[in-house]
Number of protein chains: 2
Amino acid sequence: MQPLRLNEFLPYRLSVLAAVVSEGLARSYSEQFGIGVPEWRVMATIGEFRSITAKAIGEHAHMGKVKVSRAVASLEGRGLIQRTQNAEDMREAFLVLMPAGDDMYRQIVPMALGYAETLRAGLSRDEVAVLDQLIDKLMARATVMPSAG
Amino acid sequence: MQPLRLNEFLPYRLSVLAAVVSEGLARSYSEQFGIGVPEWRVMATIGEFRSITAKAIGEHAHMGKVKVSRAVASLEGRGLIQRTQNAEDMREAFLVLMPAGDDMYRQIVPMALGYAETLRAGLSRDEVAVLDQLIDKLMARATVMPSAG
DNA sequence: TATTGTTATACTCTATAACTATA
DNA sequence: TATAGTTATAGAGTATAACAATA
């Protein structure tokens, strides 16, 4: 049987890397702004699109509707975002950043971009490009794969 | 302000990729063998070293002592592993796979390696090598980084 | 005093499904 | 019937610290 060395095993390596990276960034914005990963992803998505429904956020930020709903409720309760029902389909609402949310967003974005920049700082321009391609390819494979075994 | 597009943001991309990859693999062994990620990591580490303490497992598999302790208790309760106190330091115990655990391990390893192989199947030999280097570099950066901002 | 490992506590997160309102 | 979104429930996972045993 082929040996399996955990520290050379791709799924394990990706999992640990993502956890370390995610925790490093999340610690910053959770300490400074008191929000968690789901709230950050919702704010980032609203900030990116300016006005968007909960469903579209879930699709864009890889979150289920329950998680989106709870993050939205939390952000709305803190006055960071506002929802306005769509008059043409009263089931859904458009979400936008309130001034306080926009302030926070404008503080988090440079910090987050700086974090990603620092991460990439050890890589050459070519390596950065290859990294992005590799992530895309692996995502495509992993998404299509039925399951192992 | 520089825009932040979530789907181009490295920490987010790594997080989603790792989650998709990890879930695909974990679904297989959880359905077939009824173990979760911590149990799999403990078994993989014992299988790799044949005999090892809980503390060393935690260091090797990036798990806290509480998580290791609970995974070990679960695996021991199912007769998959056995612990033997170290006569030279009675605080710790060496863990080994029992026959049933070894059987399971020998079924999971080829499946897990096959999964990783399928993941990499779309990559060239060069890309695989670069990927491993990139993960190492990013891990080193992320581990050293104090926090963002 | 420090270390290995376990247990307790409270807390958070999650998955599922039931539910409301609207289409 | 189907969809957008919320709420309920229960179960799993987590962090922290307290704890026992040993060094």
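Remember, it's a predicted structure, so these values are computed and weren't measured experimentally. Chain letters run A, B, ... following the sequence lines, proteins first and then strands; every chain starts at 1.
Atom CD1 in A:I81 sits roughly 12 Å away from atom P in D:dG5 (whole-Å rounding). Atom pair B:M63:CE and C:dT4:P shows a separation of 17 Å (rounding to whole Å applied). To the nearest angstrom, C1' of D:dT3 lies 17 Å from CD of A:E88. When the P atom of D:dT6 is taken as reference, atom CD1 of A:I57 falls 10 Å away, rounded to whole Å. Residue B:K65 contributes atom NZ, which lies 17 Å from atom P of D:dT14 at whole-angstrom precision. Regarding A:I35, its CD1 atom lies at a distance of 17 Å from the C1' atom of C:dT12, rounded to whole Å. Rounded to an integer number of Å, the gap from CG of A:N86 to P of D:dT3 is 17 Å. Rounded to whole angstrom, the span from the CE atom of A:M90 across to the P atom of C:dT20 amounts to 19 Å.
Using a 4.0 Å heavy-atom cutoff across all strands shown, B:K55 reaches sugar-phosphate atoms only and no base atom. At a threshold of 4.0 angstrom between heavy atoms, the contacts of A:V72 with the nucleic acid are absent. Heavy atoms of B:V68 sit nowhere under 4.0 angstrom from any nucleic acid atom.
With DNA chain C read from its 5' end, the first of the two nearest nucleotides for A:D89 and B:V66 is the one closest to B:V66. Residue whose closest nucleotide on DNA chain C sits further toward the 5' end, between B:A93 and B:R70: B:A93.
The ring pair (Phe, Tyr, Trp, His ring centres under 6.0 Å) contacts involving residues 57-103 of chain A comprise A:F49-A:H60, where partners must be two or more places apart or lie in separate chains.
The side chain of A:A54 approaches D:dG5 more closely than any other nucleotide in the set D:dG5, D:dA4, C:dA8. Listed candidates were C:dA21, C:dT3, C:dT6. Nearest to the side chain of B:R91 is C:dT3.
Regarding contacts with the backbone of D:dT6, a side-chain N or O of A:S69 is found under 4.0 angstrom from either OP1 or OP2. Between A:K67 and C:dT14 there is a side-chain polar atom (N or O) within less than 4.0 angstrom of OP1 or OP2.
Transitive grouping of hydrophobic side chains (ILVMFWY, heavy atoms separated by less than 4.5 Å) brings A:I135 and B:Y115 into a common cluster.
Inter-residue side-chain proximity for B:R5 and B:N7 is flagged as unmet; no heavy-atom pair is nearer than 4.5 Å. Side-chain contact between B:L95 and B:L75 is absent, with no heavy-atom pair separated by less than 4.5 Å. You'll find the side chain of A:D102 stays beyond 4.5 Å of the side chain of A:V96, heavy atoms only.
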